[in-house]
Number of protein chains: 2
Amino acid sequence: MNIGEAAALSGVAPKNIRYYESIGLIGPAKRAANGYRAYDETDVRLLGFVNRARSLGFSVNDVGGLLSLYQDHGRASGDVKKLALEHIEDIDRKVAELQSMRRTLKDLTDRCHGDDRPDCPILDDLAAGPDDRPDTVQAAE
Amino acid sequence: MNIGEAAALSGVAPKNIRYYESIGLIGPAKRAANGYRAYDETDVRLLGFVNRARSLGFSVNDVGGLLSLYQDHGRASGDVKKLALEHIEDIDRKVAELQSMRRTLKDLTDRCHGDDRPDCPILDDLAAGPDDRPDTVQAAE
DNA sequence: CTTGACGTTACAGTAACTGGAAGGCCTATA
DNA sequence: TATAGGCCTTCCAGTTACTGTAACGTCAAG
């Protein structure tokens with residue numbers, strides 16, 4: 001099958017399939033007589049693997065590691081689990097950071113009346129930094 | 001003061017100050033006789049503003065918008081609040097996405113014994129997709 | 001007078017694509 | 001048979017927000 005069909009079946013856009021090939025994440029595709037890339041079900045399965053791993057937030061680099069483990073039938077499941085657990089920790093760090101930003105922004109927007117008047121505690125805080133407003137309620141969680 | 005001191009006071013690295021200047025986020029700095037960039041307290045305050053906005057996750061583009069509002073004394077606080085609220089929604093979307101990834105990964109790692117044996121439900125799932133394992137428990141929240 | 005810290009510019013590289021140009025191939029229809 | 005369209009090819013540029021490096025100028029201290 002051509003790249004378009006492989007893309008539709010695997011969920012990876014043609015452009016990205018070529019990109020993954022160009023960076024060596026997946027091997028070079030076989031070619032039909034006309035020079036078009038030719039894929040079979042095995043290739044589609046592999047592309048689907050890449051797609052699912054990427055959508056779980058694994059970096060392209062990580063996916064490379066997962067692919068070698070996937071293709072190595074003697075691999076230890078502990079290696080895979082380790083990668084996945086590290087990735088969970090990454091996610092937890094990102095979530096914590098985002099939630100911290102969110103708390104600050106929520107606090108700021110709650111204190112901003114948000115009408116036509118120019119007074120705006122959001123800008124005031126950004127200009128001065130929270131340290132310059134010691135009267136602010138720093139609610140504990 | 002030189003760029004190094006302005007950097008230390010504002011929390012923005014010298015390299016990033018030059019970068020922000022190069023993309024026009026901040027205006028070109030005055031120059032001392034020797035060609036060095038020269039900053040005063042007003043500049044430092046502005047850099048600090050940029051720094052705090054960036055650390056709250058506003059894009060450089062957003063910061064540009066906030067800066068114009070900051071420097072426009074007739075602006076409406078509603079404009080600022082709108083930007084901030086949109087940003088909170090962005091954050092909420094990102095957190096939801098990350099938490100969805102985390103749930104899937106946690107489910108996978110819980111089912112992976114993670115020892116020297118090659119069997120690994122993580123790789124199996126990535127290879128086949130969750131749809132091919134209809135016996136999996138899809139816990140409600 | 002040299003050393004080291006600091007400053008300057010300019011260019012390349014990062015992650016992971018995305019868009020676009022310019023052209024080749026394939027099939028169907030008028 | 002001509003042509004229209006849709007898919008395929010390669011290659012290059014742009015995106016975001018920096019970061020690294022090179023090659024150079026300047027300044028203060030010992």
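So you know, we letter chains A, B, ... as the sequences are listed, proteins then strands, and number each from 1. The structure displayed is predicted, hence computed values, not measured ones.
The CD1 atom of B:I3 sits 17 Å away from the C1' atom of D:dC27 (whole-angstrom rounding). When rounded to the nearest whole Å, the span between CD1 of B:I17 and C1' of C:dG7 equals 12 Å. Put simply, CD on B:E21 is 14 Å from P on C:dG7, counting in whole angstrom units.
The residues B:R45 and B:E41 are annotated as not salt-bridged, no charged nitrogen and carboxylate oxygen being separated by less than 4.0 angstrom. Under a 4.0 Å N-O distance rule, the pair B:R117/B:D115 qualifies as a salt bridge.
Scanning for side-chain hydrogen bond (donor to acceptor under 3.5 Å, both in side chains) contacts around B:Q71 gives an empty result, with sequence neighbours left out. Considering only residues two or more places apart in sequence or on other chains, B:E5 meets the side-chain hydrogen bond (donor to acceptor under 3.5 Å, both in side chains) condition with none of them. Partners of B:D43 according to the side-chain hydrogen bond (donor to acceptor under 3.5 Å, both in side chains) rule, which considers only residues two or more places apart in sequence or in another chain, are B:K30. Listed by chain and number, the residues in a salt bridge (charged side-chain N to carboxylate O under 4.0 Å, His left out) with A:D116 amount to none (sequence neighbours excluded). Every residue two or more places apart in sequence or in another chain that forms a ring pair (Phe, Tyr, Trp, His ring centres under 6.0 Å) with A:Y70 is listed here: A:F49. Residues that satisfy the side-chain hydrogen bond (donor to acceptor under 3.5 Å, both in side chains) test with A:R18, not counting sequence neighbours, are absent from this structure.
End-to-end axis angle of the helix from C:dC1-D:dG30 to C:dA30-D:dT1, from C1' rotation axes over five pairs per end: 30° (rounded to 10 degrees).
A ring pair (Phe, Tyr, Trp, His ring centres under 6.0 Å) check over residues 104-128 of chain B, counting only residues at least two apart or in different chains, returns nothing.
For the pair B:S10/B:N51, no side-chain contact is recorded, criterion being any heavy-atom separation below 4.5 Å from C-beta on.
Side chain of B:R75 to backbone of A:P118: a donor-acceptor contact under 3.5 angstrom is found.
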Donor-acceptor pairs are to be reported for all side-chain atoms of residues 87-99 of chain B against protein atoms at under 3.5 Å, with residues two or more places apart or in another chain.
from	atom 1	to	atom 2	distance (Å)
B:H87	NE2	B:L56	O	2.8
B:H87	NE2	B:G57	O	3.4
B:D90	OD1	B:R93	NH2	2.6
B:D92	OD1	A:R102	NE	2.5
B:D92	OD2	A:R102	NE	3.4
B:D92	OD2	A:R102	NH2	2.9

Counting primed atoms, P, OP1 and OP2 as sugar-phosphate and everything else as base, the B/S/- map of nucleotides 17-22 of chain C against protein heavy atoms under 4.0 Å is BBBB--
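In B:N61, the CG atom is not crowded: 12 or fewer heavy atoms of neighbouring residues, nucleotides or ligands sit closer than 6.0 Å.
Using a 4.0 Å cutoff on non-hydrogen atoms, no part of residues 82-90 of chain B comes near DNA chain C. Contacts between residues 23-42 of chain B and DNA chain C, defined by a heavy-atom separation under 4.0 Å, are made by B:R31, B:G35, B:Y36, B:R37.
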